[in-house]
Amino acid sequence: MNRTNLLIKASPWLFTIGLFVVWEAAVYIFKIPVFFLPPPTAIAQAFVDYSGPLARNSWITLQTTLIGFALAVGFGMLLGLLVGWSRAMYAGLYPLMIGFNAIPKVALVPILVLWFGIGFVPAVLTAFLISFFPIVVNVATGLATIEPELEDVLKALGASKLDIMRKVGIPRTLPYFFGSLKVAITLAFVGSVISESVASNYGIGNLMLQAQAQFQVPLIFAGLVVLAIEGIAMYAAMAILERRMTGWAQRSGFAQA
Amino acid sequence: MSAFVTLEGVDHAYAGANSALAVEGLSISVNQGEFAAVVGPSGCGKSTLMKLATGLQFPRAGTVTVAGEKVTKPVKIAGMAFQAPTLLPWRTTLDNLLLPLEIVEPYRSQMRSRKVEFAARARNLLTSVGLRDQGEKFPWELSGGMQQRTSLCRALIHEPQLLMLDEPFGALDAFTREELWCVIRDLQAASKITVILVTHDLREAVFLADRVFVMSQRPGRIVVERKIDLPRPRDLEVTFTSAFTDIVHELRSHIVKARQ
Ligand SMILES: Nc1ncnc2c1ncn2[C@@H]1O[C@H](COP(=O)(O)OP(=O)(O)OP(=O)(O)O)[C@@H](O)[C@H]1O
Ligand SMILES: [Mg+2]
């Protein structure tokens, strides 16, 4: 029992290390050229050689992403509450939102550049635009699925719509909301990196684009690794937040098993 | 005794694709302080009757009167409990009980100043249904029967004039159910509150009620009204007497007829 537990704890690390070992071995065995697929050791070397630019640009990307994400959380929650509040709102806004969501956000970057110039602002806005949708949908779903019996109990006490929203709607929406944050933060990274690589002079996206132009393939991969690490860290932060805030909704052993 | 809840010639259909009537020509009158039970085949409109009487649905024809006033909005004086306990999983049992007080005036505006007193009242109520010291637990830490008791307490905490119970014991085992019959019996005897109980269980109806109403197949209306004059206070033993079983049999034959 104890041994399996230990194995489960260690397995993410074992698998990650295993992946790098296989990768390294494959590059040597098949004599893959560095400019095609650099081995992990070359990527590590790139981390050492370019630690300054990598640190600076990853910090910028993280900031951009978090600001866009924060905007998405605020706006997404408001819009979700609005859409969940009234059927007319839902009927009117939903098709618009679905249409908007279907637009590839990279197609919006030129417009954002036209309005705000290249750099920080379009990247933040792209992160925002790409990540608010799942928040809206989840908040609205949480509100729309209030048990009618519970609503009846409250209405028969003379509760107003606002009462029902405050006492039941919002609390029961929180698990949906925090669940959506995990999706949204990952999307926000996608948005900021897209915009950085198309229209910015900063950030990991831009760094990777420049590295590609100069054929510094290990540096491109180092950029990818940085993005993966930031993505995992933020996802984990959201998952911890979710567990903290909505422990009552995580009773089932299903996800833990 | 005066009529407290009255439905007169009520027709009702739910909005939606098939707008066939759910109840038709439904008339029923329940007196102040009376314990009424409604039985009938599944889908005949019993829950609809509850919703009409509490202003959660409005009739297509006919009138609904509660406490002397025509019902045009949710009534505010009713406590309700359903087959499912519908407790809020993010609140402790005690906080679940306090929910109605956070909504109904005058308690609502006194919530801050009288919080301790209200919590004490909630604890007393829990004790009276055998849930002493369970207030700090979350609903999902309680058994189904305990949740149902909590749900009953929630329906009573604000001392409503009207208690609406829609198959509140349906999901419980026979022993727990009989225990809760006694709980309800005592609560009603103590507070003289008007109760309307919907149930599938004829023994439950006869044991608890002053009058039992039998509804017809959909579209529902009252086909039989049976006064139960077994003396009160009633002990569970009464359910084994022949007078009791005779009434149950009689009602049963009415339902069998109603189902045809
Ligand atoms: N929300 C609703 N929308 C549309 N039709 C409904 C709705 N609720 C009930 N009905 C219909 O109205 C009729 C009466 O339903 P109701 O829930 O009052 O029955 P019931 O007597 O409580 O049944 P049961 O004993 O099974 O609980 C049913 O035929 C049902 O199909
Ligand atoms: Mg029903």
Side-chain angles (χ1 to χ4, degrees), chain A residues 77 81 84-88 90-91 138-139 141-181 240-257, chain B residues 14 47-48 50-57 66 71 73-92 95-96 98-108 111 137-141 151-152 154-168 196:
Chain A
M77 202 150 60
L81 290 177
W85 175 268
S86 98
R87 273 175 184 257
Y90 182 92
N138 276 281
V139 171
T141 306
L143 290 180
T145 51
I146 296 177
E147 294 84 351
E149 285 88 5
L150 195 52
E151 211 181 327
D152 283 352
V153 167
L154 293 179
K155 272 196 197 154
L157 295 169
S160 67
K161 196 157 186 185
L162 189 65
D163 287 333
I164 297 176
M165 194 80 148
R166 279 179 39 222
K167 302 290 180 194
V168 183
I170 293 177
R172 91 182 288 292
T173 298
L174 288 183
Y176 295 85
F177 169 70
F178 284 109
S180 73
L181 294 191
I240 291 169
L241 194 66
E242 180 185 15
R243 192 160 301 181
R244 277 279 166 79
M245 303 300 290
T246 60
W248 58 268
Q250 321 240 333
R251 282 164 276 139
S252 132
F254 189 75
Q256 274 102 51
Chain B
Y14 286 93
S47 300
T48 308
M50 300 294 239
K51 288 182 199 163
L52 288 165
T54 44
L56 297 169
Q57 293 279 337
V66 173
V71 172
K73 57 180 191 312
V75 290
K76 295 197 181 191
I77 54 160
M80 299 188 93
F82 297 93
Q83 180 166 10
T86 61
L87 300 171
L88 305 178
W90 57 88
R91 286 177 170 232
T92 62
D95 285 339
N96 262 292
L98 292 177
L99 181 67
L101 300 184
E102 293 169 21
I103 289 167
V104 178
E105 292 290 3
Y107 309 105
R108 182 186 185 131
M111 200 62 208
K137 290 199 178 148
F138 284 93
W140 35 275
E141 296 174 310
S151 166
L152 271 179
R154 184 182 61 187
L156 290 165
I157 183 96
H158 57 296
E159 298 180 337
Q161 293 167 268
L162 177 62
L163 181 61
M164 305 294 263
L165 304 172
D166 195 347
E167 299 180 38
I196 301 182

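The model shown is predicted, which means the values in this text are computed figures rather than measured ones. Letters A, B, ... mirror the listed sequences (proteins, then strands); counts begin at 1.
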* Asked: Where on A/Asp152 is there a heavy atom nearer than 4.5 Å to chain B: the side chain, the backbone, both, or neither?
  ->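 Backbone plus side chain of A/Asp152, per the 4.5 Å heavy-atom cut-off to chain B.
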
* Contact leader toward chain A among B/Met164, B/Glu105, B/Arg154, where contacts are heavy-atom pairs under 4.5 Å ->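 When all of B/Met164, B/Glu105, B/Arg154 are compared, B/Arg154 has the most.
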
* With chain A as the partner chain, list the residues of residues 77-87 of chain B whose heavy atoms fall under 4.5 Å from it, by residue number, and write 'none' if nothing qualifies. =>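 At a heavy-atom separation under 4.5 Å, chain A is reached by B/Ile77, B/Ala78, B/Met80, B/Phe82, B/Thr86.
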
* Asked: If you count the non-hydrogen atoms of other residues, nucleotides and ligands that lie under 6.0 Å from OH in A/Tyr90, is the total more than 12?
  ->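 No.
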
* To do: Would you name the heavy atoms of B/Arg108 and A/Asp163 that are closest together and state the gap between them?
  =>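 Closest approach of B/Arg108 to A/Asp163, heavy atoms only: NH2-OD1, 2.6 Å.
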
* To do: Report the residue from A/Leu157, A/Leu154, A/Val153 that forms a side chain to side chain contact (heavy atoms under 4.5 Å, CB included) with B/Pro100.
  =>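 Of the listed residues A/Leu157, A/Leu154, A/Val153, the side chain to side chain contact (heavy atoms under 4.5 Å, CB included) partner of B/Pro100 is A/Leu157.
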
* **Those residues that, when tested against A/Phe177, pass ring-ring contact (aromatic ring centres under 6.0 Å, His included) (two or more places apart)** =>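 Here no residue qualifies.
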
* Asked: Tell me, side chain or backbone of B/Lys73 under 4.5 Å from chain A's heavy atoms, or both, or neither?
  ->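 Looking at B/Lys73, nothing touches chain A.
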
* For A/Glu151, check salt bridge (Lys or Arg N to Asp or Glu O under 4.0 Å) against everything at least two apart and list the hits. =>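 Counting only residues at least two positions away or on another chain, A/Glu151 forms a salt bridge (Lys or Arg N to Asp or Glu O under 4.0 Å) with A/Lys155.
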
* Using a heavy-atom cutoff of under 4.5 Å, enumerate the residues of residues 143-150 of chain A that contact chain B, numbered in order, or state 'none'. =>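 The stretch touches chain B at A/Glu149, A/Leu150.
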
